[in-house]
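Notes follow once the structure below has been shown.
Residue numbers count from 1 along this sequence. Just so you know, ligand 1 is whichever comes first in the structure, and atom 1 is the first atom listed for that ligand.
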Amino acid sequence: MSRSGLRVLVVGSGAREHALAWKCLQSPLVVRVYVAPGNGGTGRIARNLPVPADDPAQLVRVARKEHVGLVVLGPEAAVAAGVGDALRDAGIPVFGPGRDAGRIESSKAFAKELMARGGIPTAEWAAFSEPEPARRFARKFRGQVAVKADGLAMGKGVVVCGSEEEAEAAIDAMLVRHAFGRAGATVVVEERLEGDELSVFGVTDGRRVLLLEAARDFKRARDGDQGPNTGGMGAYSPPAGVDPELLAEATDCVLVPAVRELARRGLDYRGVLYAGLMLTPHGLRVLEFNARFGDPECQVILPRLRSDLVPLMLAAAEGDLSARPMVEWGSEAAVGVVVASGGYPDGYQTGFVIEGLGAVPRGVLVFHAGTRFAPGRGLVTSGGRVLTVVGLGPDVEHARLAALSGAVRVRFDSAYFRKDIALEAVRG
Ligand code: AMP
Ligand code: GLY
């Protein structure tokens with residue numbers, strides 16, 4: 001295949017996909033980037049295609065029509081819908097796993113079994129479809145457990161419990177009242193772990209793993225890790241307290257054995273494998289795997305990548321990373337602050353005009369998520385997480401101030417953001 005004049009299709013509509021499109025556009029190999037369905041920000045730098053991220057047949061059709069040579073899957077919904085399978089069947093290289101390999105994210109029970117077989121360190125666990133045995137298991141840990149819906153539940157399917165009452169309530173919500181429908185028909189109950197969290201990412205061709213830089217994300221809605229869990233209110237990279245030995249351990253004891261286990265089951269995983277880790281006093285433990293880049297982690301990792309992302313994604317998509325495409329990182333730190341709609345992650349209003357983007361200081365990056373262009377009104381809000389504002393700097397402290405200096409400039413009705421993203425790294 002020709003290595004220049006490449007047309008890339010990024011599937012998804014978040015700030016992660018805006019960052020992916022932005023990075024692909026810097027590649028000398030790329031002539032055009034499409035985003036399906038995209039948002040108000042991707043529409044400014046690339047061409048949005050009005051196709052849902054979870055519609056394999058339509059995505060194959062537009063990829064063929066536009067002569068796309070590489071498709072990048074952003075969200076888990078695309079993976080779980082079998083978009084990767086459909087495109088690969090059509091002969092189009094895809095950076096992102098097929099549905100079966102993607103079960104490492106879409107089924108927590110599958111992921112847990114894979115970890116057990118691969119000797120990957122994780123919390124003690126069991127899977128249940130009946131409430132009473134699940135309650136008994138939770139009592140064994142005096143209610144200090146995490147109760148997890150097996151399937152995809154938009155980041156809301158995990159309840160971290162501090163008492164037997166809380167554990168029973170979570171088990172009953174999922175297994176008795178079916179609060180998550182089919183996604184919660186099976187639950188994983190696991191021991192509750194304590195420690196700092198860390199997101200690690202490996203690019204894989206199904207055999208080899210190339211580690212990317214790590215990040216830490218902030219999932220709670222409010223400062224001081226208060227408030228409900230969200231899709232992620234911010235992230236930074238490189239994370240404090242993470243040394244090369246730890247990253248080597250994450251590669252050798254988590255990512256490599258996970259890919260090996262997938263391959264042993266005949267699953268050809270091509271794309272990014274993301275492990276959410278907890279750094280406990282007894283060593284690292286895997287909380288979850290994701291079959292894609294993290295959001296907002298992607299928005300702070302890609303601006304730190306100096307080398308071209310496209311050859312790396314192409315090599316993985318084509319199943320051969322043996323030539324080890326160059327991966328070179330800048331020395332700068334990156335901090336990303338998510339500006340969200342008031343009320344998110346619960347109910348919120350949309351359609352508010354977004355102002356102040358022109359006043360964001362030079363060098364501060366703004367990746368759009370819930371934005372759209374409304375004729376006659378300009379850019380308006382269209383989702384819970386609206387923008388990720390990313391600051392770069394010689395260290396985390398400067399990057400953080402840059403990100404905040406951008407976030408305060410962006411204005412729309414009810415906008416809010418966390419002011420303590422990455423503060424832990426500054427305070428030490
Ligand atoms: P998951 O989707 O499995 O990563 O869970 C979402 C969040 O719940 C994680 O980022 C953790 O903050 C928390 N969590 C998950 N599992 C555990 C656990 N075993 N112990 C403590 N917290 C957990
Ligand atoms: N930042 C968490 C996620 O992407 O799942």
Side-chain angles (χ1 to χ4, degrees), residues 12 14-17 19-20 73-80 102 104-112 115 121-127 137-138 141 143-162 166-167 170 180 183-184 187-201 214-221 225-237 239 254 272-282 284-301 336-338 340 345 367 369 385 388 418 421:
R16 166 182 53 207
E17 287 75 25
L20 284 163
L73 304 187
E76 58 274 31
V79 175
I104 196 161
E105 170 167 10
S106 64
S107 167
K108 296 207 186 272
F110 175 89
K112 281 294 206 177
M115 287 187 246
T122 188
E124 197 184 319
W125 66 285
F137 187 79
F141 294 95
Q144 306 293 313
V145 291
V147 179
K148 305 184 172 189
D150 176 59
L152 294 177
M154 305 276 290
K156 293 188 177 174
V158 175
V159 185
V160 181
C161 308
E166 276 176 41
F180 295 102
V187 300
V188 166
V189 181
E190 65 179 36
E191 72 178 302
R192 178 175 175 169
L193 302 172
E194 302 291 344
D196 287 335
E197 290 187 42
L198 179 68
S199 304
V200 296
F201 303 89
R216 179 163 293 142
D217 80 337
F218 295 76
K219 291 196 170 73
R220 299 296 195 98
D225 288 328
Q226 303 295 309
N229 261 316
T230 69
M233 290 298 292
Y236 78 103
S237 176
V254 176
V272 166
L273 181 61
Y274 157 1
L277 308 179
M278 184 84 96
L279 308 177
T280 80
H282 311 289
L284 65 83
R285 301 279 184 277
V286 175
L287 295 179
E288 63 167 348
F289 282 109
N290 292 312
R292 52 176 174 83
F293 274 115
D295 183 344
E297 291 97 322
C298 185
Q299 296 92 294
V300 294
I301 289 174
V337 172
V338 170
F367 296 118
R385 290 193 289 176
T388 308
R418 275 182 65 164
I421 304 298

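- Between F293 and R16 there is a side-chain heavy-atom pair separated by less than 4.5 Å.
- The single protein non-hydrogen atom nearest to atom 3 (O) of ligand 1 is K148 NZ, 2.9 Å, given as residue, atom name and distance.
- The backbone and the side chain of L287 each have at least one atom closer than 4.0 Å to an atom of ligand 1 (non-hydrogen atoms only).
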Verdict with supporting geometry, D196 and L198, side chain to side chain contact (heavy atoms under 4.5 Å, CB included): CA-CA 7 Å; D196 287 335; L198 179 68; over 6 Å; no

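- When each atom of ligand 2 is checked for a heavy atom of G231 under 4.0 Å away, the hits are 1 (N), 2 (C).
- Close approach of ligand 1 to K108 (heavy-atom distance below 4.0 Å) involves ligand atoms 1 (P), 2 (O), 3 (O).
- When each atom of ligand 1 is checked for a heavy atom of A146 under 4.0 Å away, the hits are 16 (N), 17 (C), 18 (C), 19 (N).
- Below 4.0 Å from some heavy atom of E197 lie the following atoms of ligand 1, by number and element: 9 (C), 10 (O), 11 (C), 12 (O).
- Residue contact check: L193 has heavy atoms under 4.0 Å from atoms 18 (C), 19 (N), 20 (N), 21 (C) of ligand 1.
- Those atoms of ligand 2 that come under 4.0 Å of a heavy atom in N290, given as number and element, are 5 (O).
- Of all protein heavy atoms, the one lying nearest to atom 2 (O) of ligand 1 is E288 OE1, 3.0 Å.
- Closest non-hydrogen pair, V286 versus T122, comes out as O-OG1, 2.7 Å.
- Some N or O of D217 is nearer than 3.5 Å to an N or O of ligand 2, by distance alone.
- Here the protein heavy atom with the shortest distance to atom 14 (N) of ligand 1 is V160 CG2, 3.8 Å.
- Near Y274, meaning under 4.0 Å from any of its heavy atoms, are these atoms of ligand 2: 1 (N), 2 (C), 3 (C), 4 (O), 5 (O).
- Listed by number with element, the atoms of ligand 2 under 4.0 Å from a non-hydrogen atom of G294 are 4 (O).
- Atoms of ligand 1 found under 4.0 Å from any heavy atom of E191 (numbered from 1 in listed order, with element): 18 (C), 19 (N).
- The heavy atom nearest to atom 7 (C) of ligand 1, out of those in M278, E190, K219, is found in K219.
- The shortest side-chain heavy-atom distance between W125 and K148 does not fall under the 4.5 Å cut-off.
- A salt bridge (Lys or Arg N to Asp or Glu O under 4.0 Å) with R292 is found for exactly one of E17, E297, E105, namely E105.
- Distance check: K112 NZ to D150 CG gives 12.0 Å after rounding to the nearest 0.5 Å.
- Considering backbone and side-chain N/O of R292, one or more are found under 3.5 Å from N/O of ligand 2.
- In this structure, E197 and L287 have side chains that are in contact, with non-hydrogen atoms separated by less than 4.5 Å.
- For the pair F201/I301, a side-chain contact is recorded, criterion being any heavy-atom separation below 4.5 Å from C-beta on.
- For atom 5 (O) of ligand 1, the closest heavy atom belonging to the protein is V158 CG2, 3.5 Å.
- The side-chain heavy atoms of K108 and V158, taken from C-beta on, include a pair separated by under 4.5 Å.
- Heavy-atom distances between A235 and ligand 2 stay at or above 4.0 Å for every pair.
- Note that CG of D225 and NZ of K219 are 10.5 Å apart. Values are rounded to the nearest 0.5 Å.
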Check against side chain to side chain contact (heavy atoms under 4.5 Å, CB included), V337 and T388: CA-CA 5 Å; V337 172; T388 308; over 6 Å; no

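- When all heavy atoms are compared, the tightest approach of P296 to G232 is CD-CA, 3.9 Å.
- Of the polar atoms of D295, at least one N or O is found under 3.5 Å from an N or O of ligand 2, judged by distance alone.
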